[in-house]
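The structure under discussion appears below in the form of structure tokens.
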Amino acid sequence: MFDLVTAPTRAKLADGRDLLFFALPGHRPAPVEDRRPLPPRDPDQSQLRFDFSTGQWVIVAAQRQDRTYKPPADQCPLCPGPTGLTSEVPAPDYDVVVFENRFPSLSGAGRPASVPAGAGFASAPAHGRCEVVCYSSDHSGSFAALPPAHARLVVEAWRQRTAELMATPGVEQVFCFENRGEEIGVTLSHPHGQIYGYPFLTPRTATMLARAREHRMRHGGNLFADLLAREVADGARVVGRTELFTAFVPFAARWPVEVHIYPNRFVRNLVELDDGELDGLARMYLDVLGRFDRMYSGPLPYISALHQYADTHAQADGYFHIELMSIRRSATKLKYLAASESAMDAFISDVTPEAVAARLRELS
Ligand SMILES: [Zn+2]
């Protein structure tokens with residue numbers, strides 16, 4: 001199934017990291033040599049530590065304190081660098097590129113991190129992968145502003161990376177995501193997202209899969225498919241729906257703005273979507289992001305999370321979908337995760353999901 005995925009043009013950065021170019025039809029990537037004197041990479045730069053009180057891994061990546069922080073626009077490491085001396089993307093131009101993060105939380109190859117027994121102190125190498133996805137060479141652009149064919153190319157890049165990383169030994173979960181906006185701590189304004197290949201199942205995914213397994217045992221059927229059907233039948237929180245995709249504010253939304261996008265057909269990940277569905281996903285995603293940016297006078301800060309599942313027994317109940325969320329709760333106010341949310345994981349929302357959905361529907 002994986003060979004259906006488009007092959008990118010591959011290059012190497014000065015310290016050996018992978019760089020992949022994804023091109024629009026008619027464009028041919030022309031990478032130049034990366035001539036920067038980069039220090040060698042440290043294969044053991046971060047560590048996993050197990051929290052026995054919650055059963056969750058914590059990634060300790062102390063070296064990331066030194067990473068590039070809000071550089072001026074003329075020193076942006078994600079803008080094309082035709083000289084090979086200034087940028088993470090040594091090329092005169094590009095459409096979409098993916099490269100290994102220079103300051104990764106997870107790196108190197110190994111085995112998945114198995115849950116330790118007992119109590120006390122348990123650690124493991126933080127193997128895995130951290131990649132950066134540059135959506136466009138236009139420094140001042142955004143995903144929402146991409147033409148549909150270009151957005152579709154980003155989807156293709158996500159899909160190719162998903163296929164390759166899911167087939168990488170030691171990677172248990174592939175997570176494509178975007179943090180957008182200074183309000184949520186983005187240190188580079190150039191439009192980009194990231195991809196993590198975790199050596200363990202993340203806590204939220206593990207919880208969701210356990211819920212789905214329990215649902216199947218008790219009621220039969222897929223939990224996520226049933227939730228989607230309920231949302232469609234109710235309709236009060238649906239933001240957009242096509243033949244192939246549905247976007248809705250979930251009944252128990254946790255964030256001031258929260259939208260989930262589901263394919264109408266059950267698949268576990270992007271690799272299982274067909275060409276028509278990949279086109280439909282790009283269009284629906286652009287539609288939702290466009291509504292987000294029309295909510296207030298400025299662009300909406302958001303987190304975009306692609307929930308993907310491997311084709312394995314343990315992840316068989318996972319239903320691919322995208323969860324988008326924003327911390328903006330009014331034109332002038334942000335939601336902060338305070339005691340109830342941070343300490344107890346009990347979210348309190350100041351708005352009804354139905355009101356947010358009605359507002360988003362108006363913004364077409
Ligand atoms: Zn830039």
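Both counts, for ligands and for their atoms, begin at 1 and track the order of listing. Since the model is a prediction, treat every value here as computed from it, not as a measurement.
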Exercise for the section: Output, by chain and residue number, all protein N/O/S atoms separated from the Zn ion (ligand 1) by less than 2.8 Å. Expected result: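 Near the Zn ion (ligand 1), below 2.8 Å, one finds C76 SG, C79 SG, H139 ND1, H190 ND1.
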Ring-ring centroid check [X] [Y], cutoff 6.0 Å:
X	Y	result
F320	Y262	no
Y198	W57	no
Y319	F266	yes

Handout entry: Sequence-distant partners of Y94, ring pair (Phe, Tyr, Trp, His ring centres under 6.0 Å), two or more places apart
Key =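 In terms of ring pair (Phe, Tyr, Trp, His ring centres under 6.0 Å), with neighbours along the sequence ignored, Y94 is linked to no residue.
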Problem - R216 with D226: basic N within carboxylate O range, under 4.0 Å - result: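 No, no charged N to carboxylate O under 4.0 Å.
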Practice task
Give a yes or no on whether the backbone of Y309 and the side-chain of N269 come within a donor-acceptor separation of less than 3.5 Å.
Solution key: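 At least one qualifying donor-acceptor pair exists.
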